[in-house]
Amino acid sequence: MMEPALTPQTNRMKTKMEAGGLALGMIVRLMRNVEIAAIAHSAGFDCLYIDLEHCSFSLETVSQICMTATALGVTPVVRVPGHDGATISRALECGAQGVIVPHLETADQARAVVQAACFPPIGNRSLLGPNPHTLFRTGPAAEVMEAMNKAVLVVAMIESVTAVDNADEIAAVPGMDMLLVGTNDLCNALRVPGQLDHPQVLDSYKRVAAACHRHGKHLGVGGLNSRPDLARQMIDLGGRYVSTGSDTGFLMAAATATAALYGKDKA
């Protein structure tokens, strides 16, 4: 029997955005089992966004969810808790098809992230032999690294005034694929907490969108799931990805609405 071609599994989210489509993401912070991947698939999401910055998942849990999501055609990406290169590469080796790095503020930080997330000649990530992305097949090193570099999605979160000021330099870094605005933390940085519709927030989005457009990178919209009207405005600026909400938020909203239907006595 002929060996199958050594290519990583398709990053459907990246492909959709590159074709000009809008990718929808579901944040995962609560559900630790692989069933969440099936739920995301059935609900119509393009991406599962596993948030290690704000949850206590182990890498073993991350790996199981990532492999299941990929098999179902849902792209798993992981928001790592910080800039540590070892954490970035380990998240990817667990089966994540992309990595989201929070609180990124400078081009130097962006270059360091790319170095950790990508193989030579783009970065300096250590080459793993059999791995989830190739369904544990092996092949020529140059072929494997080229294919996996094309499939990985590298994302910088823009969450501060400094990050907005440096958005053009960050977007210019080769290997950086998307700038994802974290609207809630950006509001805090602008000293307008919770004011998602503040003019400074829209101005910041416009500046980041312009930087993405100049350098051929994707604009991501985050933290506006409670205001889909505002999210649509940011998408109209050229957004190619939007975080629509989390498993925790979806569960609480549905549970609260259902209890209200039955007129639950709160006395």
Side-chain angles (χ1 to χ4, degrees), residues 5-15 17-18 25 47-53 57-71 74-158 163 169-180 215-218 220 241:
L6 183 66
T7 55
Q9 294 170 287
T10 301
N11 188 323
R12 295 174 185 268
M13 173 187 178
K14 189 173 185 179
T15 300
M17 293 191 300
E18 289 175 348
C47 158
L48 266 184
Y49 170 161
I50 304 168
D51 184 7
L52 291 187
E53 185 185 12
F57 287 11
S58 68
L59 287 180
E60 181 177 2
T61 296
V62 172
S63 178
Q64 296 301 298
I65 294 174
C66 285
M67 291 191 66
T68 305
T70 302
V74 178
T75 300
V77 299
V78 172
R79 175 158 68 177
V80 293
H83 297 188
D84 177 62
T87 302
I88 291 169
S89 62
R90 288 193 74 194
L92 291 168
E93 288 176 3
C94 282
Q97 293 185 305
V99 62
I100 299 171
V101 180
H103 310 294
L104 196 147
E105 295 189 316
T106 70
D108 284 342
Q109 291 175 342
R111 281 188 281 270
V113 166
V114 171
Q115 288 288 301
C118 296
F119 298 102
I122 300 172
N124 64 6
R125 179 178 164 194
S126 178
L127 178 60
L128 175 68
N131 67 82
H133 300 283
T134 61
L135 296 179
F136 301 98
R137 298 189 298 272
T138 58
E143 177 185 336
V144 173
M145 291 189 294
E146 180 182 8
M148 291 181 69
N149 279 343
K150 288 180 180 178
V152 72
L153 182 72
V154 184
V155 181
M157 289 207 72
I158 305 300
E169 295 178 6
I170 294 169
V173 172
M176 183 61 65
D177 297 300
M178 180 165 72
L179 273 58
L180 172 59
H215 298 286
K217 306 301 171 68
H218 302 302
Y241 167 78

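Across A163 and I158, no two heavy atoms sit closer than the pair CB-CG2, 3.6 Å. Considering all non-hydrogen atoms of both residues, G175 and V114 come closest at C-CG2, 3.7 Å. Of all non-hydrogen atoms in C66 and C94, the two that sit nearest each other are CB-O, 4.1 Å. Contact between A117 and V154 at its shortest, heavy atoms only, is CB-CG2, 3.9 Å. The two residues M176 and L179 make their nearest non-hydrogen contact at CG-CD1, 4.2 Å. Considering all non-hydrogen atoms of both residues, A151 and K14 come closest at O-CD, 4.0 Å.
Looking at residues two or more places apart in sequence or on another chain, you find no side chain to side chain contact (heavy atoms under 4.5 Å, CB included) involving P121. Scanning for side-chain hydrogen bond (donor to acceptor under 3.5 Å, both in side chains) contacts around Q64 gives an empty result, with sequence neighbours left out. In terms of the side chain to side chain contact (heavy atoms under 4.5 Å, CB included) criterion, A112 has no residue partners (sequence neighbours excluded). Under the side chain to side chain contact (heavy atoms under 4.5 Å, CB included) criterion, V155 pairs with I100, L153, M178, L180, sequence neighbours left out. Every residue two or more places apart in sequence or in another chain that forms a side chain to side chain contact (heavy atoms under 4.5 Å, CB included) with T15 is listed here: T10.
Considering T70, T68, V74 in turn, V74 is the only one that fulfils the side chain to side chain contact (heavy atoms under 4.5 Å, CB included) rule with L48.
Checking side-chain atoms of N149 against main-chain N and O of F119 turns up a donor-acceptor pair under 3.5 Å. Listed for the H133 side chain is a donor-acceptor partner under 3.5 Å among the backbone atoms of L92. The main-chain N or O of N11 is never found under 3.5 Å from a side-chain atom of T75 such that the two would form a donor-acceptor pair. Panel note: side chain K217, backbone I170; no donor-acceptor pair is recorded below 3.5 Å. Judged by distance alone, the side chain of Q115 and the main-chain N or O of I122 form a donor-acceptor pair under 3.5 Å.
Once rounded to the nearest 0.5 Å, the distance linking CD of E169 with OG1 of T106 reads 8.5 Å. In this structure, N131 CG and R137 CZ are separated by 10.0 Å, a value rounded to the nearest 0.5 Å.
Inter-residue side-chain proximity for M148 and V152 is flagged as unmet; no heavy-atom pair is nearer than 4.5 Å. Proximity of E93 to R125: side-chain heavy atoms (C-beta onward) are separated by under 4.5 Å at one or more points.
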Would you give me the side-chain donor-acceptor pairs under 3.5 Å for residues 76-87, sequence neighbours excluded?
| unit_1 | atom_1 | unit_2 | atom_2 | d |
| --- | --- | --- | --- | --- |
| R79 | NE | Y49 | OH | 3.2 |
| R79 | NE | D51 | OD1 | 2.9 |
| R79 | NE | E53 | OE1 | 3.4 |
| R79 | NH1 | Y49 | OH | 3.1 |
| R79 | NH2 | D51 | OD1 | 3.3 |
| R79 | NH2 | D51 | OD2 | 2.8 |
| R79 | NH2 | H54 | ND1 | 3.0 |
| H83 | NE2 | P102 | O | 2.9 |
| H83 | NE2 | H103 | O | 3.3 |
| D84 | OD2 | A86 | N | 3.4 |
| D84 | OD2 | T87 | N | 3.0 |
| D84 | OD2 | T87 | OG1 | 2.9 |

### Chi angles and distances behind the side chain to side chain contact (heavy atoms under 4.5 Å, CB included) call for Y241, M13
CA-CA 9 Å; Y241 167 78; M13 173 187 178; 3.4 Å; yes
